[in-house]
Q: 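Structure incoming, see below.
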Amino acid sequence: MTRWARVLALAVAATLLTGAAPTPTPSPTAPPTLREREYWLEDYGITDAWKTTRGEGVTIAVIDTGIAEGPKHFDGAVVGGTDVSGAGTPNGRTPVDVIDPDHGSKVASLAAGRAVPDEKGKGMVGVAPGANLLSVSLGFGSAATVPFAEQVARAVVWSVDNGADVINMSFTTNQQGWDESWDEAFLYAMQNDVVIVVAAGNRGSGTSSVGAPATIPGVLTVAGVDPEGRASVEASTQGITIGVSAPSEKLLGVTIDGKVEEWNGTSGAAPIVAGVAALVRSAHPELSAIDVINRIVKTAREPEGVQVPDAFYGYGLVDAGAAVTASVPHVTANPMGDLERWIELYRYRPAEPQPEPTVTPVEVPPLPPADPPAEAASPYLPSADALRYGTLPLVALSGAGILVVLGVIAAVRRVRSARVRRSPGNP
């Protein structure tokens, strides 16, 4: 009998004697699939919303570094694109950022990445996998030949003109103000019924409070929370313009080479909400952009112990299921502000109409009759007035002056003559 056979026999004998069953060897736990790691799908009501729609018929413009060509997650999703940086390709599918070229692809995959068929439901999928995407490649810093402010304005207008229903912008300028060219571009999008979703920014990247475009009235600004729903310390920031919050930690995103990586930041929280906006627009195509934003804001879940609106959470944690199915009254004003009114107050003030002046007739007394015309006289002879007021007084004064001088001279001579007669030697 071999050694292992003897050990097994002894184990069996011990079991028979004691009546105890042998302890089974635990099987190794299988690692979670990519789909299971997308905790936001269940926790934030996205799978509930999928019972109604997956975003069909809606187009999301991703203004970012560009959505890469190649990853299967974007097959059939990207329906158009452009480059505004001057450094990319005309279709906007060549990432132009040298520091983080994956950024635009990660953002797009969270918003509307397709499920890859050969992954059998275990791979990553976006929030609105039925929606279409527009890829607008934007260049940051030296990665562009066009000024950044001009790029953003052109990107927004292009997106509107090419059918975007939702625009996602996962970047910040770290400045509260913005270039005046953005006024017209963002107002153009809002007046054309487009929902604009932007990221709040991250403390870990140096953003202590929200900056433009998150400060522009009317946009839906998204803050970030951790997997437990708490405001993220590193991957979010604060500000009074925050609308809602969404996951910003332990996110997944597709890279330019088709891999799925974990990443953090409100750059990922924003496209989750952009995807939710696409679900709402697909389920309720009759709703205006401001009604879509209002639905997302009004159905957000209040974090425990937090009174909303809050500088870290906005109006709460986004709830896709409630945003799609809840009964929310129609609104006529954007709950996130009025850009047109802001421009009127802070950029210029149009001239108010001036009242028409009231004219009251005034009686003017008649003028005295004019003097009769003087007779023509020679230009070489003095006139009567010249003689009266000029020549005659001058002659009189001159004559008097001559007489005075002559009198003085005569007096001086008499004095001298008298002195001579009185001097010694004169008889």
Side-chain angles (χ1 to χ4, degrees), residues 41 44-63 76-80 108 110-112 114 125-134 136 156-169 185-198 216-222 243-244 246 270-301 314-341:
L41 298 180
Y44 289 82
I46 294 165
T47 53
D48 292 334
W50 284 352
K51 297 174 184 178
T52 302
T53 179
R54 291 195 172 217
E56 293 82 2
V58 178
T59 300
I60 304 172
V62 177
I63 300 177
V78 182
V79 296
L110 271 170
R114 301 288 196 260
V125 66
V127 172
N132 294 322
L133 291 166
L134 294 174
V136 184
V156 171
V157 172
W158 185 93
S159 299
V160 175
D161 291 343
N162 286 272
D165 303 295
V166 180
I167 293 176
N168 185 89
M169 308 175 79
F186 280 71
L187 188 60
Y188 179 70
M190 294 172 187
Q191 291 175 338
N192 281 275
D193 204 39
V194 177
V195 176
I196 303 177
V197 181
V198 302
I216 297 177
V219 306
L220 182 55
T221 299
V222 184
V244 291
I272 288 176
V273 175
V276 173
L279 296 176
V280 175
R281 300 215 84 164
S282 177
H284 304 279
E286 78 284 357
L287 292 182
S288 66
I290 61 175
D291 275 317
V292 173
I293 294 174
N294 185 62
R295 270 181 167 266
I296 294 173
V297 168
K298 289 298 193 301
T299 58
R301 293 182 285 111
Y315 287 88
L317 307 176
V318 67
D319 187 334
V324 167
T325 61
S327 176
V328 180
H330 169 73
V331 293
T332 57
N334 189 331
M336 302 313 301
D338 186 341
L339 177 58
E340 185 173 11
R341 179 59 176 163

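Numbers for residues simply follow the sequence, beginning at 1.
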Q: With the side chain counted from C-beta on, respond yes when L110 and V127 share a heavy-atom pair under 4.5 Å apart, and no when they do not.
A: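 Of all side-chain heavy-atom pairs linking V127 with L110, none is under 4.5 Å.
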
Q: If the condition is side chain to side chain contact (heavy atoms under 4.5 Å, CB included), which residues does R295 pass it with, not counting sequence neighbours?
A: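 R295 satisfies side chain to side chain contact (heavy atoms under 4.5 Å, CB included) with V280, H284, L287, V328 once adjacent residues are dropped.
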
Q: Are D165 and V195 side-chain neighbours, meaning at least one heavy-atom pair lies under 4.5 Å?
A: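 They are not in contact (no side-chain heavy atoms under 4.5 Å apart), so the answer is no.
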
Q: Suppose we screen for side chain to side chain contact (heavy atoms under 4.5 Å, CB included). Which residues come up paired with V78, at least two apart in sequence or across chains?
A: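 With neighbours one apart ignored, the set is I67, F74, R93, L133, S135.
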
Q: With rounding to the nearest 0.5 angstrom, report the OG1 to CG distance, T59 to N162.
A: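 The CG atom of N162 is 10.0 Å from OG1 of T59, to the nearest 0.5 Å.
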
Q: Do the non-hydrogen side-chain atoms of M169 and V156 ever get within less than 4.5 Å of each other?
A: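 Answer yes - side chains close enough.
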
Q: Do D161 and Y188 come within less than 4.5 Å of each other through their side chains, counting heavy atoms only?
A: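 A side-chain contact under 4.5 Å exists here.
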
Q: Pick out which of I167, V198, L134 makes a side chain to side chain contact (heavy atoms under 4.5 Å, CB included) with I63.
A: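 That would be I167.
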
Q: Identify the two heavy atoms, one from L279 and one from A320, that lie closest to each other, and give their separation to 0.1 Å.
A: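 Distance-wise, the nearest heavy atoms are CD1-CB, 4.5 Å.
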
Q: Output yes when a side-chain donor or acceptor of S282 lies under 3.5 Å from a complementary backbone atom of E56, and no otherwise.
A: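 Such a contact is found between S282 side chain and E56 backbone.
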
Q: Test side-chain contact (heavy atoms from CB on, under 4.5 Å) on Y44 and I272 and set out the steps.
A: CA-CA 10 Å; Y44 289 82; I272 288 176; 5.9 Å; no

Q: Indicate yes or no: at least one non-hydrogen side-chain atom of V219 is less than 4.5 angstrom from one of M190.
A: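 V219 vs M190: side chains touch.
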
Q: How far apart are the closest heavy atoms of G275 and I60, and which atoms are they?
A: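 Nearest pair, atom of G275 first, then I60: CA-CD1, 4.3 Å.
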
Q: Would you say that V125 contacts L41 through its side chain, given a criterion of any heavy-atom pair below 4.5 Å between the two side chains?
A: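 Yes. Closest side-chain heavy atoms under 4.5 Å.
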
Q: What distance do F186 atom CZ and I216 atom CD1 have between them, rounded to the nearest 0.5 Å?
A: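 Between atom CZ of F186 and atom CD1 of I216 there are 4.0 Å.
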
Q: Which atom pair, heavy atoms only, marks the closest approach of A300 to V244?
A: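 Heavy atoms of A300 and V244 come nearest at CB-CG1, 4.0 Å.
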
Q: What is the minimum heavy-atom distance between V58 and A278, and which atoms define it?
A: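 For V58 versus A278, the nearest heavy atoms are CG2-O, 3.5 Å.
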
Q: Would you check if S159 and V194 make a side-chain contact, meaning some heavy-atom pair closer than 4.5 Å?
A: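 Not in contact.
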
Q: Are T221 and M336 packed together at the side-chain level, in the sense that at least one heavy-atom pair is separated by less than 4.5 angstrom?
A: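 In short, these two side chains do not touch, never coming nearer than 4.5 Å.
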
Q: Return the minimal non-hydrogen interatomic distance between D291 and P329, and the atom names on each side.
A: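 Nearest pair, atom of D291 first, then P329: OD1-O, 4.2 Å.
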
Q: To the nearest 0.5 Å, what is the distance between CZ on R54 and OG1 on T52?
A: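 R54 atom CZ to T52 atom OG1 measures 11.5 Å (nearest 0.5 Å).
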
Q: What is the minimum heavy-atom distance between V318 and A246, and which atoms define it?
A: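 Scanning both residues, the minimum pair turns out to be CG1-CB, 4.0 Å.
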
Q: Would you confirm whether N334, through its side chain, and G218, through its main-chain N or O, come within 3.5 Å as a donor-acceptor pair?
A: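 Side chain of N334 to backbone of G218, a donor-acceptor pair under 3.5 Å: yes, one is there.
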
